[in-house]
Structures are given as C-alpha cells and as structure tokens.
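Below is one structure; the comments refer to it alone.
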Amino acid sequence: MDPIKVDFTKKKDDEIYLTPAKAGLKIFLNILITLVGAGIAYYIMLPPMNFKSTDMYIFFAIVAVIYCAAAAVTSGALRKGEYIPYVKRQSIVPVIIIGVLAVVFVIGLVVSSVVFRANSYKDIIQVQEGNFTEEVDTIDFSSVPRIDRAAAVTIANRRMGELSELVSQFKVNMTETGKDAQINYQNTPVRVVPLEYANLIKWFTNHSEGLPGYIVVNLVNQSAEVKTVEGGIKYTTAEHFNRYLMRHLRFQYPTYMFAEPNFEINEEGEPYWICPVEDKTIGLFGGTDIKGAVLVNATTGESTYHTMDELRNDTALQWVDRVYSDNLLVEQFNYYAQYQKGFFNSILGQEGVRKTTEGTNFLAIDDDVYMYTGVTSITSDESIVGFILINQRTKEAKFYPMEGGATETSAMISAQDNVQDLGYKATFPLLLNISGQPTYFMSLKGDSELVKKYAMVNVYDFAIVAIGDTVEQCMNSYADLMEERKGVDLDVDMTGIHEGEDDSQQQEEQPKTQTVTGAVADIRTAVKGGESYYYVRLEQGASYYAIKAADAETVVILNQGDTVTVTIPADAKGDIIAASAIAKGAPQAENDAA
C-alpha cells in the first residue's frame, strides 16, 4: 500500500477568497467613502498634520478604520461570511499604516520619557535666583488686582444684565479657559471678557453682524465697562463653521500645534486672539514649549505669525501679555525643581526636590503680567521655601528663596478663621513686599462671588492677620499689628491704596439709577435659564421693566392698577429695560424720574 501524501504547500482555506462582483467599482467606492469620512473627521477634529501631535495619529487611525468598514459593507461581508477573507486582504494596507503609526507612536513615547531625559526636562526653563527684599519693590496698590476670575465674571454678568438691548441676544462667555486671562491694559490690571451668542437661534439672527463687543473688568476698582467694536467680533471660540477660531487657524496653518488661545486687546482697544504655537522639544512628544504665536484680528480674521524672539523684543508687540499659560509655566518649573539631580532622585532620595504650591495668581509689573506661585519642599506642604515670578510673555523666571514661611493655603485658612461667622472665602493670595515684610494679600468673598473684605497675613507669622472693609483699613490694621507684636514700623506709601479706592468711591457717588413710579398697565412672564422673569409696563410709558422673581418677590403678587416704584439704570432706554428693584407703592420722597 502506497503511503498517503499530503501537500503542505497548498494555500490554507482562509487564504482562498471570493471576489465580489464589480470589485473595481467597489474599491473606488471604498476610497470615495474614506475620503468623505476623512474630510468630515478632519473638519470636526482639526488635527495638525504634525508627527509631534498625538491627534494626527488618532486621525489616521480613524481614516484606516473607515476604509475597512466601507470594504466590509460594499463587499457584502456583513451578510455573507465567504467574503470576509476578501475584506481582510483589502484591509492589508490600512492595517500596515496603523501598525507603522503605532510603532512610531510607541518609540516616540519612549524617547520622550522623563525617565531617560530628566536632564533635558529640567533645562526647558531657565530660572534665576533673586533677593526678595532687595529686588521686589514695595508694592504700589494701584496695580494690585483685588478680585479673582470668578468675581470678575460675576461683575461682567451683572454689567451685561443692565444692558437690556444686549442681554436678550448675547451672554458672557464663561467657559473655563485662558481666553479671559488677566492682562495689563493701559497700565491697569484687567480681565477682558468676550461675549457669545445666547443660543443657536440667536447665532442665526446675529452672526452676520458678529458679536457687538467685549467687557473690560477693572481688577482694582472692580468696575466693568462694555466696549463696542466697529464691524463686530466675528472670529471667536464660540463661533460655528469656518468662523470658529480654531478651524479658521487650522485651514491657514495645517501643521501648527496650537495651545489654548487668549483674548486680548491692544492699547487702542482692538480685539485680538493670541494663539500660542506649541513645539515638542524633547523626543517626539515631550518637553512642551512655545515657539511663537499667531495673532488673529477678531473682527477681520487677518492673522500673522510671530516668533518668540519677535514677541520678546519687538516693541510694537509688547502689548501682548499672555503667550505662556500659567499651567505650562508651572509644569516647566516643576521639571526644573524636581529633576536637578536626575529622575530617580526625585522618586527615591528626593534630595533638594521641590514643587509649586496649589494655585497661581498674577501681578502687573512694568507693563507685563507675571505669574506668581509659591514653592515648597516635596516632603512637606506646610511651609514655603520661596516663590517664583514668571513673565507670561517672555518666560523670564526668577525664584526668590525664603525660610519658614507659611503656604498660601495656610494663610487663606487663617484669614477665613477671622471671618468664619460671616462665611467668607479667601481668594488665592499674592505675596507682596510691604516695607521689607513678605505679606500675603487676599480678598474675602461672599456667596455672591463679590468682594466683602480684604485680608493681609504675615508670611513668617500667619497668626498676624489683618482684616478691613477697604484696602486702606486693612493696611492700617496690619501696620498696627506688626508694630504691636513684632516691633516693626511699616513705612507704607498709601498713595496707591487711595488711588484704587477713590476710583471705586467716585463711581459709587455717581448717580447710577433712577426710579419710575406709576400704575401697572400690563404684566407678562417668561422663563429664561430656569428662572422666572416678570415684565411690567406702567400706564404712562411703552417700555417694559424686566426683573427676576428671585430679585423682587413683590412682583409675583402685583395686579393691574397697582402703584409701583421701579428702580432702573439712569441712562436706560429701549422697549425692554432691566430693573434692579420693583416695590409696591410710591416712594415717600417725590424724586421720581419720568
């Protein structure tokens, strides 16, 4: 009997495949579907075509999956299993592409790892050491911000609510980003708060004219002013389609990796988006830094790219205040502070290892904005070993060593303990030089996010806490405490304090409101943002006075014919006027304004 012969050279069953009818046409259709899908994905994702961007790898992986899915559908493999080998063969090229990208991605992660490149990471930022009492000038209180972002947004919202012609169509853009970051405008610390459309319908009815302007919140006297822009603001992070800022940038700069854009104004009040351009300086994905920025005119969309050398040295660009975000600067300084003696020392021995404290604040110095944060030992967070000031335009960084100072958190708790019966919360403090004494300065806010009091806490003895209704009262109390407990006579120039407070007081003395008295002719209601609004028209006028029920409960029980007194802005005009108060009955003093 002859032996049985088996030919192992023959193809396996799974390598034998059936070709569907009109295979060439279906391959063309697969490619067409992939191109359309890739176009839609690109329009939505906006990935930079840059090997240093992880978004690009994700994008091409999605494109490859689209082709494989299209091949499975057009071949009929989802209905007939015999076409699955054909789909596998059609997917070879996309799978190879994904494999190559995956290998490059993994290699990029390895060569960028801080484990192997700790020395490179610590050199991303250059830090000089300074002397606090000698190099940090005694502070001028006219340049010290007194409110934080949350309070500034609250003030902007209240100012917006006073403008009935705007509040029905637009609202304050409250997204947590750097776009309303603190800047120095005409030598005053401010936050420039952009607007956005109230909803999609309001976008359809208003986008041709653009957003009417922006709100400037003065961080010293806590005032807010609405600035109108001729031609409207048409390129923002709240726009849609091709006027969406990031899409507008991507189509012009397809390879650039953009950090979070910042909304700023130049000294003439013209609105711009400052769009920092990122670079990865270590390996393929590590060592994030800024190599320049694209400046986009928010009205026209015109854009220009400037290198960091230009942004640092060109006097025409010194109005730009924020190129480096506080998060990036904190990240870079922590690399510097942790890896001076290598990666493993930062984990094991931790000799000389430091880190920043939780939180940042900002100071206006010499027409630039500096980020401030404390520095503490990695092994203890109870005291600071110093603090840093970093220029957000130039990245000039200086570390000021200190010994035995309280952390910002400890100072905040000490200040809050002194007003615990009132329930006020402290803002993240600034470290100021007051006659050579390192002192934390902070505001105390109520539930409304508005400032109620001010506090000063001595860095070396956080039991010394001064509280005041005004900065001047707080400063006087602090000076008395320092003389009483430490024997230190603080020689403080009060000019800066008076300048800031006088501005605020003058605004309060100006007549901001007027009252209108009359019989109710009509009452209407509406619900906006989950809150009930009442619109009251008096017999002698055509305007409706709008107010939230939560702000004036009396309005709920009003009837036609009731006499009411309405408080409105002094210069209010229009068909709908925002009211700040509505009271039943006529005022005792006959000082009504018709």
Side-chain angles (χ1 to χ4, degrees), residues 121-122 124-125 127-133 135-136 139 144-151 176 178 181-182 322 324-340 345-347 350-363 365 369-392 395-417 425-434 437-445 454-465:
Y121 276 90
K122 76 175 176 60
I124 294 177
I125 188 171
V127 181
Q128 296 180 330
E129 192 167 297
N131 184 290
F132 176 77
T133 56
E135 297 181 18
V136 178
I139 200 65
V144 176
R146 304 180 187 184
I147 55 177
D148 60 5
R149 180 189 182 273
E176 284 281 357
Q182 180 178 321
R322 192 177 190 268
Y324 292 88
S325 71
D326 46 316
N327 289 335
L328 179 59
L329 294 177
V330 166
E331 177 185 275
Q332 291 189 352
F333 181 83
N334 279 333
Y335 289 146
Y336 168 84
Q338 293 177 24
Y339 302 133
Q340 288 295 317
N345 176 69
S346 70
I347 302 297
Q350 297 186 328
E351 181 182 350
V353 178
R354 298 167 294 179
K355 64 177 181 178
T356 56
T357 54
E358 294 294 329
T360 58
N361 212 329
F362 309 93
L363 270 176
I365 304 175
V369 176
Y370 285 74
M371 184 207 75
Y372 157 83
T373 189
V375 179
T376 185
S377 169
I378 197 74
T379 58
S380 173
D381 58 1
E382 297 300 321
S383 62
I384 62 170
V385 297
F387 72 97
I388 54 171
L389 288 175
I390 308 180
N391 190 310
Q392 290 196 280
K395 206 174 76 168
E396 175 190 350
K398 213 153 197 182
F399 170 68
Y400 297 91
M402 305 180 71
E403 295 183 2
T407 62
E408 297 92 343
T409 301
S410 298
M412 293 165 68
I413 293 172
S414 292
Q416 289 170 178
D417 285 346
K425 299 298 182 183
T427 60
F428 189 83
L430 281 169
L431 184 57
L432 308 180
N433 180 6
I434 300 181
Q437 291 293 318
T439 303
Y440 287 123
F441 171 78
M442 67 200 84
S443 300
L444 299 170
K445 303 189 301 180
Y454 301 94
M456 292 181 182
V457 180
N458 188 271
V459 171
Y460 292 125
D461 185 355
F462 59 91
I464 298 179
V465 182

**Message:** Just so I know, are the side chains of N361 and E408 near enough to count as touching, which here means a heavy-atom distance under 4.5 Å?
**Reply:** no
**Request:** Please tell me if the side chains of S346 and Y339 come closer than 4.5 Å, counting only heavy atoms from C-beta onward.
**Result:** yes
**Fill in**
CG of L430 to CZ of F441, rounded to nearest 0.5 Å, is 8.0 Å
**Prompt:** Do V369 and R322 have side-chain heavy atoms sitting under 4.5 Å apart?
**Reply:** no
**Asked** Distance from D461 atom CG to Q437 atom CD, nearest 0.5 Å?
**Response** 10.5 Å
**Asked** Does the pair V459 and Y440 meet the rule for a side chain to side chain contact (heavy atoms under 4.5 Å, CB included), with working shown?
**Response** CA-CA 6 Å; V459 171; Y440 287 123; 3.8 Å; yes
**Asked** Hey, is the main chain of A426 close enough, under 3.5 Å, to the side chain of Q416 for a donor-acceptor pair?
**Response** yes
**Prompt:** Can you check side-chain hydrogen bond (donor to acceptor under 3.5 Å, both in side chains) on T360 and D326, steps first, answer last?
**Reply:** CA-CA 7 Å; T360 58; D326 46 316; 3.3 Å; yes
**Message:** Return the NZ to OH distance between K395 and Y324, rounded to the nearest 0.5 Å.
**Reply:** 4.5 Å
**Item:** Plane angle bin for Y372 and F387 - parallel if under 30°, tilted between 30 and 60°, otherwise perpendicular
**Value:** tilted
**Message:** Is it the case that the side chain of S414 and the backbone of S410 share a donor-acceptor pair, with hydrogens and angles ignored and the cut-off at 3.5 Å?
**Reply:** yes
**Request:** Tell me, yes or no, whether the heavy-atom count around K425 atom NZ, taken from other residues, nucleotides or ligands under 6.0 Å, exceeds 12.
**Result:** no
**Prompt:** What's the verdict on side chain to side chain contact (heavy atoms under 4.5 Å, CB included) for L431 and M402, showing C-alpha distance, side-chain angles and the deciding distance?
**Reply:** CA-CA 12 Å; L431 184 57; M402 305 180 71; 3.9 Å; yes
**Message:** When you compare the side chain of Q332 with that of Y121, does any pair of heavy atoms fall below 4.5 Å?
**Reply:** no
**Request:** Supply the atom-to-atom distance N391 CG to K398 NZ, rounded to the nearest 0.5 angstrom.
**Result:** 12.5 Å
**Message:** Could you check whether any side-chain N or O of N334 sits under 3.5 Å from a backbone N or O of K355, counting only pairs where one atom can act as donor and the other as acceptor?
**Reply:** no
**Message:** Rounded at 0.5 Å granularity, tell me how far CZ in F399 sits from CD1 in I388.
**Reply:** 8.5 Å
**Message:** Is any side-chain heavy atom of L329 closer than 4.5 Å to one of E331?
**Reply:** no
**Message:** Any side-chain to backbone donor/acceptor pair from T439 onto I434? Under 3.5 Å, distance only.
**Reply:** no
**Request:** Could you point out which residue of V375, T373, T356, T357 forms a side chain to side chain contact (heavy atoms under 4.5 Å, CB included) with I384?
**Result:** T357
**Message:** Under a 3.5 Å distance rule, please check whether T407 uses its side chain to pair with a backbone N or O of S383 as donor and acceptor.
**Reply:** no
**Request:** Show your reasoning for whether side chain to side chain contact (heavy atoms under 4.5 Å, CB included) applies to V385 and R354.
**Result:** CA-CA 9 Å; V385 297; R354 298 167 294 179; 4.0 Å; yes
**Request:** Evaluate the side chain to side chain contact (heavy atoms under 4.5 Å, CB included) criterion for residues T427 and R149: first the C-alpha distance (whole Å), next the side-chain angles of each, then the deciding distance (0.1 Å), finally the verdict.
**Result:** CA-CA 10 Å; T427 60; R149 180 189 182 273; over 6 Å; no
**Item:** Beyond-backbone contact of I390 with I125, side-chain heavy atoms, under 4.5 angstrom
**Value:** yes
**Item:** Side-chain heavy atoms of M442 within contact of V457, under 4.5 Å
**Value:** yes
**Request:** May I ask you to check whether over 12 heavy atoms, not counting those of F462, lie within 6.0 Å of atom CZ?
**Result:** no
**Request:** Might you confirm whether atom CD of E358 has over 12 heavy atoms from other residues, nucleotides or ligands at distances under 6.0 Å?
**Result:** no
**Aromatic plane relationship, Y336 with F333 - under 30° parallel, 30 to 60° tilted, over 60° perpendicular** = tilted
**Message:** Quick check: do P145 and F362 have side-chain heavy atoms less than 4.5 Å from each other?
**Reply:** no
